Amino acid sequence: MLIKTQADGFLHPVSSDITPQGIYTGRRDMVRLMASGVAGAALAGWAGRQALAQTGPKLAGAKSAVPGAVTMEKVTDYKDASTYNNFYEFGTDKADPAKNAGTLKTTPWTVEVEGLVKKPAKYTLEDLLKLSPMEERVYRLRCVEGWSMVIPWVGYSLSALIKLVEPTSSAKFIEFVTLADPKTMPFVGSRVLSWPYVEGLRMDEAMHPLALLTFGMYGEVLPNQSGAPVRLVVPWKYGFKSGKSIVKIRFTDKQPATAWNKAAANEYGFYSNVNPDVDHPRWSQATERRIGEDGLFAKKRKTLVFNGYEAQVGQLYAGMDLKKNF
Ligand SMILES: Nc1nc2c(c(=O)[nH]1)N[C@H]1C(S)=C(S)[C@@H](COP(=O)(O)O)O[C@H]1N2
Ligand SMILES: [Mo]
C-alpha cells in the first residue's frame, strides 16, 4: 500500500512502487536492525526453512455449509499464497514475510478476550482450536492494492467465540489487536505504521457467519507469513481488515482506531468494504489482478461489490451511504 506516515507526510511506497525514499528508509531500518541483531536472526530463520514448500502440520476442515463460503473459482497456488504477502511487521515487500517470518514464535500463544463482555477470558491456542468444529472455506481475498487470490482457509465463524464470551448490550464494535514483538518482528518500530497493527469490525459484521477465525489454509496450519497461529479473514472487505497473528480481542462501545485509518484516514476508511464504485484517492478499484493467473499486463478482472459476497452481507449496510462510509 502507499501511505503517508504521520511523522513526515511523505508518501511511503511499497512493493512494485518503491522509490528512492522508500528504499532509503528500508535500508536505514535494516542497518539499525542489523546492529541490534534482529535482522541476523531473521536471516538465519529464513535459511533454515522451506518457505516455498507445503510441508506444515495438517489441519483439516469439513467443507463449510455456510452460504457463499465455498467459491468454485480456481484456487491460487499455495506457492503464490505463501510467498506474496502483506505482513508489514516482517517487511513491506511482498516477498519479505515468507523470508522473515521464520522468527515468529507461535507457541505458546494466548488470545485475551476483554472489554464489554460478561465472560472475559484468556484462551490458549489449544483452547481455541477445540472451541468449534473446523471448516474449510474457499474465499476470494481482495487487497486494496488491486490484486486478489482464492484461498482455502481452515477455521470457524468468529461468531462461535463471540457467543461464548457474551458481549454486553453496550458492546458495539470489536477491536482486534495483533502481535507487536520487536524481538521477533524486524519491522515493528519502523515508521510505516503505528504498532501494534489494530483492526476492527462492527458487532453485526463480526457476527456474520462468513467472518472467519482462521487457523489454517490448504489443509495445513497457517504458515507464519500468513498470520499464524490465528488470524481473521473477512472476505467482503479489503484484505487489510483481516488482521494476522491476533493476541487480543476487545469489545468496545466506540469505533476502534485502526492501523491503516490512522495512517491515512482519507485513503482507508473503517468499513473498507470491497467496492468497485469507490476509487481509492490515488487509483481505481474497478478492476483487479488475480495472482498467479494473470500476467502483469494481462487483462484484469472486474472487481465485484462486496467482493462478490453481496447476497450474503449486503443487508448489513442497508440504508448506509457506501461512498461516505468507505
Ligand atoms: N498484523 C498484520 N495483519 C495484516 C497485515 C499486516 O501488515 N499486519 N496486512 C493485511 C493486508 S494489507 C492483507 S492484503 C492481508 C494479506 O493476507 P495474506 O498475506 O494471507 O494474503 O493481511 C492483512 N493483515
Ligand atoms: Mo492488502
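Residues: numbered from 1 along the sequence shown. Being a predicted model, the structure only gives us computed values, none of them experimental. Whatever order the structure lists ligands and atoms in, that order sets their numbers, starting from 1.
In terms of polar-atom proximity, Trp147 is not counted as a contact of ligand 1, lacking any N or O under 3.5 Å from an N or O of the ligand. Here's the thing with Tyr88: one of its N/O atoms is less than 3.5 angstrom from an N/O atom of ligand 1. Annotation: Ser226 places no N or O atom under 3.5 Å from an N or O atom of ligand 1; distance criterion only. Note: an N/O pair closer than 3.5 Å links Glu89 and ligand 1 by distance alone.
Counting heavy atoms closer than 4.0 Å to ligand 1, residue Leu141 contributes side-chain atoms (C-beta onward) but none from N, CA, C or O. Counting heavy atoms closer than 4.0 Å to ligand 1, residue Tyr197 contributes side-chain atoms (C-beta onward) but none from N, CA, C or O. At a 4.0 Å heavy-atom cut-off, ligand 1 does not touch Met149 at all. For Asn86, heavy-atom contacts with ligand 1 shorter than 4.0 Å involve the backbone as well as the side chain. With a heavy-atom cut-off of 4.0 Å, Glu199 does not touch ligand 1 at all.
Applying the side-chain hydrogen bond (donor to acceptor under 3.5 Å, both in side chains) test to every pair with at least one member in residues 106-116, sequence neighbours left out, gives these pairs: Glu114-Arg250. The side-chain hydrogen bond (donor to acceptor under 3.5 Å, both in side chains) pairs that include a residue from residues 152-165 are Arg137-Ser157, where partners are two or more places apart or lie in different chains.
By the 6.0 Å and 45° rule, Lys241 stacks over the aromatic ring of Phe270.
Taking the six-membered ring for Trp and the full ring otherwise, Tyr309 and Trp236 have centroids separated by 6.0 Å or more.
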Criterion ring-ring contact (aromatic ring centres under 6.0 Å, His included) on Tyr88 and Tyr197, from CA distance to verdict: CA-CA 9 Å; Tyr88 276 22; Tyr197 189 103; 8.0 Å; no
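Within a 6.0 Å radius of NZ in Lys58, other residues, nucleotides and ligands contribute more than 12 heavy atoms.
Between Asn86 and Lys94, the side chains place a donor N or O and an acceptor N or O closer than 3.5 Å (distance only, hydrogens not considered). In this structure, a donor-acceptor pair under 3.5 Å is present between the side chains of Tyr317 and Glu205.
Of all the atoms in ligand 1, the ones that sit under 4.0 Å from a non-hydrogen atom of Ser242 are 4 (C), 22 (O), 23 (C), 24 (N). In summary, the atoms of ligand 1 found under 4.0 Å from a heavy atom of Cys143, numbered by their order in the structure, are 14 (S).
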